[in-house]
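The structure appears right after this line, and notes come after that.
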Amino acid sequence: MTNSKTDSKAPNKLPTKEDYSEWYHELLIQAEIVDNRYPVKGMCVWFPFGFAVRKNVYSIIRELLDVDHQETQFPLLIPENEFMKEAQHIKGFENEVYWVTSGGTAPLDVKLALRPTSETAIYPMFKLWIRSHADLPLRIYQIVNTFRYETKHTRPLIRLREITSFKEAHTAHATWEEAAEQVEVAIERYSEFYRRLAIPFLVSRRPVWDKFPGADYTTAIDVIMPDGRTLQVGTAHHLGSTFAKTYEITYEAEDGEQKLISQTCYGISERCIAALISVHGDDKGLVLPWGVAPVQVVIVPILLGDKELVLEVCRSLQQKLREAGIRVQLDTSDERPGAKFYKWEMKGVPIRLEVGPRDIQKGVVTMARRDGLKKAVPTESLVEFLFGEAGDIQAALYSRAEQFRDSRVMGVSSIEEAKAQTEGGVALVPWCGSEECGHQLEDKVDANMLGEPQYVSFAEAACVVCGKVTGKRTYMARQY
Ligand code: 5CA
Ligand code: ZN
């Protein structure tokens with residue numbers, strides 16, 4: 001897109017990533033991800049380029065879930081009586097719900113909620129669909145928009161009032177244990193998803209006071225953002241039989257007895273794209289992993305000497321890459337090569353190929369990777385070479401991001417240290433596990449408790465609040 005409003009003024013220079021917040025907001029516009037100027041607070045417009053990134057990212061989620069989940073779609077509106085049934089759930093969401101109260105000029109008999117999430121839309125249908133043990137496990141998901149009247153500071157892709165890309169999965173099982181296993185499966189799929197985006201993360205069990213309303217427990221995935229604050233980019237909830245009781249969802253067990261199902265749900269939103277942009281981007285703009293880049297390779301002709309020849313070589317190169325399944329674009333616009341480099345760097349294109357008369361003479365193209373590496377590659381073996389580079393780029397992005405993550409997590413042994421560490425990173429804090437100590441911690445450290453790290457164990461240490469010896473830890477951080 002070239003006709004966005006931003007073109008009517010001289011393009012602002014992108015602030016350095018050091019100024020993360022300004023950099024992020026400016027980058028969303030300049031790289032054409034989302035436009036935050038829509039006149040409703042907390043609601044953004046996807047630029048076509050941003051939407052193309054979203055499409056590629058979400059096709060990974062679909063691929064990972066489609067193995068054993070079925071994609072479906074439920075209505076946006078939920079009748080008040082269904083929405084109000086589950087008390088704990090309501091308590092968690094009542095201040096965030098938008099209501100539809102009239103149809104035209106007539107007030108509605110039953111108010112309708114815009115879904116903030118879809119438990120109360122889906123579970124009344126589960127009651128109709130689930131009859132016997134043969135119907136279990138049931139695993140569905142949908143990718144829809146949801147609405148939350150967020151009162152905290154809204155931010156594009158991070159804290160929205162219309163979440164446009166809410167992937168919510170809902171599963172039903174015969175036993176509590178099977179549902180617990182499903183939570184692990186969900187975390188594995190999400191882990192794989194973030195690995196494909198080359199984004200390192202932290203997994204933790206949220207403290208009880210921060211679990212999903214109505215859940216037995218919540219496991220969360222967080223990403224450390226450039227400023228050291230964390231972003232919760234996915235959650236998996238064990239719902240036990242709480243909703244099953246409320247919505248009377250039972251199945252006939254093999255012994256003929258009617259039993260309550262156990263449930264899980266797990267969600268991801270466009271926060272995954274906020275993380276993608278923030279973790280990999282640099283002072284020149286986006287840096288996209290090969291797998292999700294709408295343009296994987298851009299060809300920039302260096303139009304010197306025999307221009308027709310240069311263009312012809314470029315076109316045949318484009319054809320060859322396209323046939324190999326590479327998303328390739330030949331930039332034949334009138335801009336100077338330098339301006340083209342700048343533009344495609346901003347868009348995060350992983351590889352740029354420059355083709356000029358000299359390259360043609362030598363039978364090579366000049367390859368420039370978005371992460372800096374530059375070299376001449378024989379045209380003959382270009383396709384195989386590019387696929388090799390794609391793997392290298394992925395590995396390089398991941399390892400750079402991993403170094404950053406690891407540098408921002410530190411074990412501490414006092415409240416003061418936790419306070420200092422959470423200024424710009426994540427503190428790993430010895431915590432006995434008591435709610436009392438937990439609240440005191442959040443108070444005194446002035447940061448959030450993300451909860452106990454999963455899949456790791458620790459040496460004994462003294463709880464920084466009460467001094468009791470414990471093998472437990474909690475992550476603490478300032479959260480987005
Ligand atoms: N029903 C469950 C699982 S689908 C649920 O709603 N869980 S949630 O409330 O934790 O939301 C799932 C994920 O959506 C969160 O982990 C977070 O990454 C993202 N999310 C939550 N609120 C917002 C928001 N206002 N804007 C953008 N993303 C959000
Ligand atoms: Zn304690």
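The aromatic rings of F212 and H237 lie parallel to each other, their planes meeting at an angle below 30°, with 60° marking the opposite boundary. Ring geometry for Y20 against Y24 counts as tilted: the plane angle lies between 30° and 60°, on a 0 to 90° scale. Using a 30° and 60° split on the angle between ring planes, Y141 and H69 fall in the perpendicular class, above 60°. Using bins of under 30°, 30° to 60° and over 60° for the plane-to-plane angle, the ring pair W176/H238 lands in the parallel bin.
Here the side chain of S241 pairs a donor or acceptor atom with the backbone of I261 at under 3.5 angstrom. In terms of modelled atom types and a separation under 3.5 Å, the side chain of R189 and the main chain of L64 share a donor-acceptor contact. In this structure a side-chain-to-backbone donor-acceptor pair under 3.5 Å is present from R405 to F201.
Residues E86 and K245 are not paired through a salt bridge, judged by the lack of any N-O separation under 4.0 Å between the basic side chain and the carboxylate. A salt bridge is defined here as a Lys NZ or Arg NE, NH1 or NH2 lying under 4.0 Å from an Asp or Glu carboxylate O, and R161 with E96 fails to meet this definition. No salt bridge links D282 with R400; every basic N to acidic carboxylate O contact stays at or beyond 4.0 Å.
Within a 6.0 Å radius of CD in E18, no more than 12 heavy atoms belonging to other residues, nucleotides or ligands are found. Counted within 6.0 Å of NZ on K468, heavy atoms from surrounding residues, nucleotides or ligands total 12 or fewer; the atom is thus considered open. Under a cut-off of 6.0 angstrom, the local environment of NZ in K85 is crowded, with over 12 non-hydrogen atoms contributed by other residues, nucleotides or ligands.
Contact check for F51 versus K55: side-chain heavy atoms found under the 4.5 Å cut-off. In this structure the side chain of Y38 never reaches within 4.5 angstrom of the side chain of C44, judged on heavy atoms.
Across all non-hydrogen atoms, the minimal contact from G285 to L14 is N-CD2, 3.6 Å. Closest of all the heavy-atom pairs between R408 and G424 is NH1-O, 2.8 Å. Nearest heavy-atom pair, Y475 versus V203, reported as atom, atom and distance to 0.1 Å: CE1-O, 4.0 Å.
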**Message:** Run D227 and S21 through side chain to side chain contact (heavy atoms under 4.5 Å, CB included) and show every step you take.
**Reply:** CA-CA 8 Å; D227 59 358; S21 182; over 6 Å; no

**Request:** Let me see the working for I163 and E270 under side chain to side chain contact (heavy atoms under 4.5 Å, CB included), right down to the final yes or no.
**Result:** CA-CA 7 Å; I163 310 171; E270 53 258 62; 3.1 Å; yes

**Item:** Stepwise side chain to side chain contact (heavy atoms under 4.5 Å, CB included) test for M43 and T154
**Value:** CA-CA 9 Å; M43 304 196 181; T154 58; over 6 Å; no

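A donor atom on one side chain and an acceptor atom on the other are found under 3.5 Å apart for Y266 and Q182. A donor and an acceptor atom, one from each side chain of Q440 and E436, are located under 3.5 Å apart. Side chains of E168 and S118: a donor-acceptor N/O pair is present below 3.5 angstrom, by distance only. Between the side chains of T242 and Q88, no donor N or O sits under 3.5 Å from an acceptor N or O. No hydrogens or angles considered: a donor-acceptor pair under 3.5 Å links the side chains of E119 and T117.
Sorted by first and then second residue, the ring pair (Phe, Tyr, Trp, His ring centres under 6.0 Å) pairs with a member in residues 142-172 read Y98-Y149, Y123-H170; sequence neighbours excluded.
Cation-pi geometry between K17 and W23 is met: the NZ or CZ atom falls under 6.0 Å from the ring centre, inside 45° of the normal.
Rounding to the nearest 0.5 angstrom, the gap separating the OG atom in S278 from the CG atom in L28 is 8.0 Å.
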